[in-house]
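Only a predicted model underlies this, so the values are computations on that prediction, with no experimental measurement involved.
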Amino acid sequence: PPGTAGQDGGQTEWTLADDAVAPLVSDLSALLEDERRGIQHLAEYFMPGGGYWGGSFERFGQGSHGTDEIGCHDLLSLSLLDAPLPGGAVRDLVMDSRLRDEVSERLRQIDDINLWEASEASLDSAARLWGLLEGRTEGMGDTRISKLLHRKRPHLIPISDSVVREVLPLPDGVPDRWRGYRAAFRKDPSLVGRLEGFRRIVPSAGHVSPLRVLDVITWMQGRGDRSL
């Protein structure tokens, strides 16, 4: 799970050394360099009525709940990404009114800004919400939390699961995926340009964030034989 800057000697922002970020920049560049393959992956994944359930993730129950609340459609949507919530977590997030209020309060403190533009304060706020979900719900785990928070803040919070971790491992010296991606995108802005370009070329993917484009391309390359 992501940490906060306060866990690192109280500094205002984690600064990652170039040699620590360089392997991640290289991996991201290699993943995105084949434009034809990236376009094909996105077009297949987001094909309306196609075989990839996750292509409906963003639009499932769209507008049913506010941006600062986690509702039933948000919880159900995780099934489309092969991460259904266990009953205990559903119970906690639906029936515990105090927890729901705390989650909404934390969400109100987090703007959905692009990750590469995010301050340390923004990531700290998101990390505190992560910690709340991790500590107060039953059986969530890193993968489910990342997917749930991505649904609520798609430009800021990247998805992380076993496929992402295998295809894009974090190098030594990179504390977590949020700060690793942020540093990589800042070091090589062309990576963001490629993600935006893929999204513009594939109309059916035009509604998703650059982070989701990255997630889909990563997942399709790592586990493209599955239909989720």
Side-chain angles (χ1 to χ4, degrees), residues 1-3 24 27-28 31-32 38 41-42 44-46 52-62 67 70 73-86 89 93 103 107 110 112-118 122-123 125-127 129-131 133-134 137 139-170 174-185 191-192 194-196 198-199 202 204-224 226-228:
L24 184 57
D27 287 347
L28 286 165
L31 180 72
L32 302 176
H41 283 337
L42 286 178
E44 289 179 2
Y45 189 88
F46 288 107
Y52 291 95
W53 311 334
S56 302
F57 174 67
E58 282 79 12
R59 287 180 165 160
F60 177 79
Q62 189 177 39
T67 58
I70 292 177
H73 286 86
D74 298 318
L75 304 183
L76 284 170
S77 72
L78 298 191
S79 296
L80 298 172
L81 298 183
D82 197 26
L85 288 179
L93 288 167
V103 167
L107 280 168
I110 306 168
D112 189 26
I113 57 178
N114 290 317
L115 177 58
W116 54 91
E117 299 171 337
S122 295
L123 296 187
S125 294
L129 174 55
W130 183 297
L133 292 171
E134 187 175 49
T137 61
M140 285 284 283
D142 291 354
T143 294
R144 292 186 177 104
I145 294 175
S146 76
K147 292 178 177 182
L148 182 59
L149 293 188
H150 176 80
R151 179 164 162 101
K152 304 312 296 185
R153 297 293 183 267
H155 293 85
L156 179 66
I157 307 299
I159 288 175
S160 179
D161 59 19
S162 59
V163 178
V164 171
R165 291 189 286 270
E166 180 179 350
V167 176
L168 293 173
L170 293 181
V174 175
D176 54 62
R177 193 161 299 278
W178 299 359
R179 292 171 176 87
Y181 282 176
R182 181 180 65 175
F185 292 147
L191 296 172
V192 175
R194 292 185 215 179
L195 294 172
E196 293 279 13
F198 287 138
R199 189 174 63 165
V202 182
S204 58
H207 63 289
V208 304
S209 72
L211 291 181
R212 181 71 164 123
V213 172
L214 174 60
D215 171 64
V216 170
I217 292 175
T218 304
W219 189 87
M220 291 288 279
Q221 176 162 313
R223 294 293 295 278
R226 298 182 65 184
S227 298
L228 299 173

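Closest approach of M140 to A89, counting heavy atoms only: SD-CB, 3.8 Å. Annotation for T67 and R153: closest pair O-NH1, 2.9 Å, computed over non-hydrogen atoms. Of all the heavy atoms in G61 and H73, the pair that sits closest is CA-CD2, 3.5 Å. What you find for R182 and A118 is that their closest heavy atoms are NH1-O, 3.1 Å.
Using modelled atom types, no side-chain atom of R212 and backbone atom of P154 make a donor-acceptor pair closer than 3.5 Å. In this structure a side-chain-to-backbone donor-acceptor pair under 3.5 Å is present from R144 to G139.
Between R177 and L168, the closest side-chain pair of non-hydrogen atoms falls below 4.5 Å. Here the side chains of W219 and L81 are not in contact, with every heavy-atom distance at 4.5 Å or above. The side-chain heavy atoms of I217 and L42, taken from C-beta on, include a pair separated by under 4.5 Å. Residues L191 and W116 fail the side-chain proximity criterion, which asks for heavy atoms closer than 4.5 Å. For the pair H150 and E58, the minimum side-chain heavy-atom distance is below 4.5 Å. Side-chain atoms of R59 and F46, non-hydrogen and from C-beta on, never get closer than 4.5 Å to each other. A 4.5 Å side-chain heavy-atom check between R165 and T143 finds at least one atom pair inside the cut-off. Considering only heavy atoms from C-beta on, K152 stays 4.5 Å or farther from I110 through its side chain.
For the atom pair CG of L31 and CZ of R194, the computed distance is 9.5 Å after rounding to the nearest 0.5 Å. Once rounded to the nearest 0.5 Å, the distance linking OG of S79 with CG of L85 reads 7.0 Å. Rounded to the nearest 0.5 angstrom, L93 CG and D74 CG are separated by 10.0 Å. Of the inter-residue distances, the one linking K147 atom NZ with L78 atom CG reads 8.0 Å to the nearest 0.5 angstrom. Rounding to the nearest 0.5 Å places CH2 of W130 at 9.0 Å from CG of D176. Between atom CH2 of residue W178 and atom OG of residue S122 there is a gap of 10.5 Å, rounded to the nearest 0.5 Å.
Counting heavy atoms of neighbouring residues, nucleotides and ligands inside a 6.0 Å radius, atom CD of E166 does not exceed 12 of them.
If you run side chain to side chain contact (heavy atoms under 4.5 Å, CB included) between L156 and each of L123, N114, L211, L149, only L123 comes through.
Aromatic rings of H41 and F198 (six-membered ring for Trp) have centroids beyond the 6.0 Å cut-off, not under it.
Partners of F57 under the ring pair (Phe, Tyr, Trp, His ring centres under 6.0 Å) rule, at least two apart in sequence or in another chain, do not exist in this structure.
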